[in-house]
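Working notes, structure below.
In this chain, residues are counted from 1 in sequence order.
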Amino acid sequence: MASIFTKIINGEIPSYKIFEDEYTYAFLDINPINIGHTLVIPKIEIDYFLDVPEPYYSSVFNNAKLIGQAIQNSTNCKRVGTIIAGWDVPHFHYHLIPMLDYTDLDFKKGKKRTEEEMKDIQSKIISNLK
């Protein structure tokens, strides 16, 4: 059975898409720690990041750098933190989290945001992609 992320990639489940290319898909986390929290995933369903083949693996990290800069420019955060946890969905996902301090890397801080907030930050991040 396809993971929820595969269903998002296939358009079966809506998402706040930030970026897409041949190998990756990036979208806003539905329970962001801070507004702008984005997931970058390969377009193949591989559970563990060490098992992701090239060119998908490199594409995730190269695009994360581009998207991370756009997040920083859009949120004015001090840093964009990253986490590879992989416990909730069996599909490798790289978290890009706008941070004001190191305590922002805590998933317990994640919460739903309004559709207006999500669309606003989506638009800002996309406009800052260079």
Side-chain angles (χ1 to χ4, degrees):
M1 186 164 136
S3 77
I4 191 169
F5 291 165
T6 297
K7 290 177 181 180
I8 287 171
I9 292 166
N10 293 336
E12 298 168 34
I13 296 174
S15 69
Y16 295 97
K17 181 169 72 170
I18 298 298
F19 178 87
E20 181 177 15
D21 68 8
E22 183 179 358
Y23 303 109
T24 61
Y25 190 93
F27 57 101
L28 295 177
D29 192 293
I30 61 167
N31 292 304
I33 293 173
N34 285 322
I35 196 74
H37 179 168
T38 300
L39 303 178
V40 183
I41 63 175
K43 284 187 164 179
I44 56 171
E45 193 171 303
I46 303 286
D47 184 16
Y48 190 44
F49 87 101
L50 292 178
D51 296 331
V52 177
E54 290 296 345
Y56 297 90
Y57 183 87
S58 293
S59 293
V60 166
F61 292 96
N62 288 331
N63 290 329
K65 185 175 180 180
L66 172 77
I67 296 162
Q69 186 63 60
I71 291 169
Q72 191 165 35
N73 292 342
S74 300
T75 63
N76 296 314
C77 63
K78 290 183 181 179
R79 293 187 184 269
V80 175
T82 64
I83 295 177
I84 299 171
W87 297 106
D88 297 329
V89 178
H91 188 139
F92 163 54
H93 48 293
Y94 191 43
H95 293 263
L96 305 178
I97 304 165
M99 297 174 56
L100 299 175
D101 65 48
Y102 73 94
T103 64
D104 285 332
L105 292 180
D106 181 353
F107 287 107
K108 292 177 189 165
K109 290 184 172 188
K111 63 180 181 180
K112 293 250 184 250
R113 304 299 175 125
T114 67
E115 186 169 344
E116 184 178 299
E117 288 176 300
M118 296 293 275
K119 285 183 176 181
D120 180 58
I121 196 63
Q122 177 190 29
S123 174
K124 285 178 183 174
I125 294 169
I126 290 169
S127 71
N128 277 300
L129 284 173
K130 297 175 183 169

> Roughly how far, to the nearest 0.5 Å, is the CD1 atom of I121 from the CE atom of M118?
Replying inline: 9.5 Å
> What do the steps show when you test H91 against I9 for side chain to side chain contact (heavy atoms under 4.5 Å, CB included), and what is the final call?
Replying inline: CA-CA 12 Å; H91 188 139; I9 292 166; 4.1 Å; yes
>> Are L105 and Y94 connected into the same hydrophobic cluster when the rule is that any two of I, L, V, M, F, W, Y join if their side-chain heavy atoms are below 4.5 Å apart?
In response: no
>> Please find the pair of heavy atoms, one from V80 and one from G68, that lie closest to each other, and give the distance.
In response: CG2-O, 3.4 Å
>> Before you tell me yes or no, could you show the steps for Y16 and E115 under side chain to side chain contact (heavy atoms under 4.5 Å, CB included), namely the whole-Å CA-CA distance, both residues' side-chain angles and the distance that decides it to 0.1 Å?
In response: CA-CA 10 Å; Y16 295 97; E115 186 169 344; 3.3 Å; yes
> For V60 and V40, which heavy atoms make the closest approach, and how far apart are they?
Replying inline: O-CG1, 3.8 Å
>> Applying a strict under-4.5 Å side-chain criterion to I, L, V, M, F, W and Y, I'd like to know whether F19 and Y57 cluster together.
In response: yes
> Can you name the side chain to side chain contact (heavy atoms under 4.5 Å, CB included) partners of D120, sequence neighbours left out?
Replying inline: K124
> Closest approach of I8 and P14, non-hydrogen atoms and distance?
Replying inline: CG1-O, 4.5 Å
> Is it true that K109 and D104 make a salt bridge, defined as a side-chain N closer than 4.0 Å to a carboxylate O?
Replying inline: yes
Which donor-acceptor pairs under 3.5 Å do side chains of residues 45-54 form with protein atoms, sequence neighbours excluded?
unit_1 : atom_1 : unit_2 : atom_2 : d
E45    : OE1    : S3     : N      : 2.9
E45    : OE1    : S3     : OG     : 3.4
E45    : OE1    : T6     : OG1    : 2.5
E54    : OE1    : S58    : N      : 3.3
E54    : OE1    : S58    : OG     : 2.7
E54    : OE2    : S58    : OG     : 2.8

>> According to a hydrophobic-cluster definition based on side-chain heavy atoms being under 4.5 Å apart (Ile, Leu, Val, Met, Phe, Trp, Tyr only), do F92 and Y25 belong together?
In response: no
> What's the verdict on side chain to side chain donor-acceptor pair (under 3.5 Å) for S59 and K43, showing C-alpha distance, side-chain angles and the deciding distance?
Replying inline: CA-CA 10 Å; S59 293; K43 284 187 164 179; over 6 Å; no
> Do I41 and L28 share a hydrophobic cluster (ILVMFWY, side-chain heavy atoms under 4.5 Å, transitive)?
Replying inline: no
> Rounded to the nearest 0.5 Å, how far apart are OG1 of T38 and CG of D29?
Replying inline: 8.5 Å
>> Would you compute the distance between atom CG of L39 and atom CD1 of I97 and round it to the nearest 0.5 angstrom?
In response: 8.5 Å
>> For the backbone of I18 and the side chain of Q122, can you confirm whether one donor and one acceptor N or O come within less than 3.5 Å of each other?
In response: no
>> Quick check for you: to the nearest 0.5 Å, what is the distance between F61 atom CZ and I84 atom CD1?
In response: 4.0 Å
> Is the count of non-hydrogen atoms from other residues, nucleotides or ligands lying under 6.0 Å from E12 atom CD greater than 12?
Replying inline: yes
> For the residue pair Y56 and T24, what are the closest heavy atoms and their distance?
Replying inline: O-CG2, 4.4 Å
> Taking only residues two or more places apart in sequence, or in another chain, which ones meet F107 in a side chain to side chain contact (heavy atoms under 4.5 Å, CB included)?
Replying inline: I33, H37, I83, A85, H95
>> Tell me if a side-chain donor or acceptor on Q72 pairs with a main-chain N or O of K78 at a distance below 3.5 Å.
In response: yes
> Which distance, rounded to the nearest 0.5 Å, do you find between the CZ of F5 and the CD1 of I13?
Replying inline: 10.0 Å
> How far does CG of N34 sit from NZ of K111, to the nearest 0.5 angstrom?
Replying inline: 9.0 Å
